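I have placed the structure first, in the form of structure tokens, so that the comments after it can refer back to it.
This is a predicted model, so every value here is computed, not measured. Chain letters run A, B, ... following the sequence lines, proteins first and then strands; every chain starts at 1.
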There are 2 protein chains.
Amino acid sequence: MNAASPEEEVLIPGRPMLVDQVFEAILSLLLDDKISTGSPLSIDGLAKRFKVSSTPVREALARLETTGMVRREALRGYKVAPEPTASDIAALLTSRQILEPACTNIAAGNSTDELVADLEGFHRDLEASRRGGDTFAGYRAYWKADENFHRRIVEATDNEFLLRAYSAIEGSIQRFRLMVHNDMSGDHTVQEHQAIIDAIKAGDPATATAAMDKHIEGIRSRSLSLAKFGQQA
Amino acid sequence: MNAASPEEEVLIPGRPMLVDQVFEAILSLLLDDKISTGSPLSIDGLAKRFKVSSTPVREALARLETTGMVRREALRGYKVAPEPTASDIAALLTSRQILEPACTNIAAGNSTDELVADLEGFHRDLEASRRGGDTFAGYRAYWKADENFHRRIVEATDNEFLLRAYSAIEGSIQRFRLMVHNDMSGDHTVQEHQAIIDAIKAGDPATATAAMDKHIEGIRSRSLSLAKFGQQA
DNA sequence: GCCCGAAGATTCGCATAGGATTCCGAAATG
DNA sequence: CATTTCGGAATCCTATGCGAATCTTCGGGC
């Protein structure tokens, strides 16, 4: 039946271990804003909610802790990270402005047809979700497209460490998307993403870098103009 | 006795939970190179070694996984991350060259007496360990001083996200220090660190940034000149 | 009326136990 | 002799149980 070489028979590289499923499940709860900021994440409560024991829940939370999305207090349990302040937003955008333009620079140098195709695909998703109306599903698709776009550029650097550094703050980026609740009506994002794609497509690192820098600067000004956050601590 | 406000009475923020101790213990094993690259990290084995059960070991390994120092394969256990290739070294230095000069720029803008004092302290540690001879303890002190120096600068940005991004690659930086095994005889590091301190002390971000950039470029050239690694995969 | 203190309930932290899966080596077959 | 198959050992993954710390509630004292 299955001929071929023996090493190709192993086709289940990572079966869905319970701990991985729990990790994804809790991640979805956080990213979809199902749990309000600061509220406690009871280990036993999550275990009962997912119909598993506490062991995989503990392990999943230990991983999530390093993403900054949950915090652990010894003997007191885990909590969802608190509401970000205005200075948190500013700090996050500063870190993005250091990382992402530099990654875009490298990615534009590594530009391939596949990269451009992927980015254009995410860009179409973004536009489509914008027209999808104001449903929650629409918002989710919008965030997901934006997240995919930015992550794909970092992946295109083909640099494990840049990806690791970006991943370390990606969860916070996503959480802040929820707060800022960028009204999708203004299509700044679409225009700015398009400029980035054009420069990458042209294999022009300098222009691509500038475009990403301008994009994040745009996010900063739009976020702070909303100023719906408590002032910095 | 202890008057003051009631909320100041909580003075034991994080007691040494077993999982934290195990985490530190495994981290020490890895950073001191007690375990060779690629070798398996048995959960039960570590549990017996530290005289604890598997539960805290699992949790500690889950945290370590996000640092890139250990890797997990479902149902097959954890392994020490494999030997880095020359291209890995290059990629790591690229990521450092993106992050650290930018952090130095911010840190120089935030320059305080305390920061300068800390950096000078670590600098003295570095010089002292250099004179300590070629013992393993001497190497360890050297690495530790170097690590403290670089981390302190990132902390001085007062930006949680930059610190998080840097922490995500810090383990790899430390592991690569072990491989490169920088002969401490050449005092390039001492000179370059001194230049960084001087610029920060003067509150001169531009010069500080350039000094850090030059430092990492120096690490790159010295590392690659050794070329004791297998060529890139 | 307000603050303090103690008993019960809740939750965390860790140890232990029992499937389930993988790995390793020996025997059997072509 | 090479390849496959099979059985035991080792390991991982998950569930459960128990002691310890924390939080909550309720009653007493100033």
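The nearest whole Å value for the distance from the CG atom in B:Leu75 to the C1' atom in D:dC12 is 7 Å. Distance A:Tyr78 OH to C:dG13 C1': 11 Å, rounded to the nearest Å. Atoms CG (A:Leu46) and P (C:dG13) sit 13 Å apart, rounded to a whole Å. A:Leu61 places its CG atom 12 Å from the C1' atom of C:dC12, with the value rounded to the nearest Å.
Remark: B:Asp125 pairs with no residue by the side chain to side chain donor-acceptor pair (under 3.5 Å) rule, at least two apart or across chains. Under the ring pair (Phe, Tyr, Trp, His ring centres under 6.0 Å) criterion, B:Phe23 pairs with no residue, sequence neighbours left out. For A:Ala91, the side chain to side chain contact (heavy atoms under 4.5 Å, CB included) criterion is met by B:Asn159, B:Phe161, not counting sequence neighbours. In this view, B:Lys79 satisfies the salt bridge (Lys or Arg N to Asp or Glu O under 4.0 Å) rule with no residue, not counting sequence neighbours. With sequence neighbours left out, the salt bridge (Lys or Arg N to Asp or Glu O under 4.0 Å) criterion links A:Glu24 to no other residue.
The salt bridge (charged side-chain N to carboxylate O under 4.0 Å, His left out) contacts involving residues 157-171 of chain A comprise A:Arg151-A:Glu170, A:Glu160-A:Arg164, A:Glu160-B:Arg71, where partners must be two or more places apart or lie in separate chains. Residue pairs meeting the side chain to side chain donor-acceptor pair (under 3.5 Å) criterion with at least one member in residues 38-57 of chain B, sequence neighbours excluded, do not occur.
Side-chain N/O atoms of B:Arg72 include one lying less than 4.0 angstrom from OP1 or OP2 on D:dC13.
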Between protein and nucleotides 14-19 of chain D, what N or O pairs are separated by less than 3.5 Å?
residue, atom, partner, partner atom, Å
D:dT14, OP1, A:Leu18, N, 2.3
D:dA15, OP2, A:Ser53, N, 2.6
D:dA15, OP2, A:Ser53, OG, 2.7
D:dA15, N7, A:Thr55, OG1, 3.1

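The shortest heavy-atom contact between A:Ala74 and B:Met17 is CB-CG, 4.0 Å.
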- Annotated protein contacts, base or backbone, on nucleotides 5-11 of chain C with a non-hydrogen cut-off under 4.0 Å, one of B, S, - each: ------S
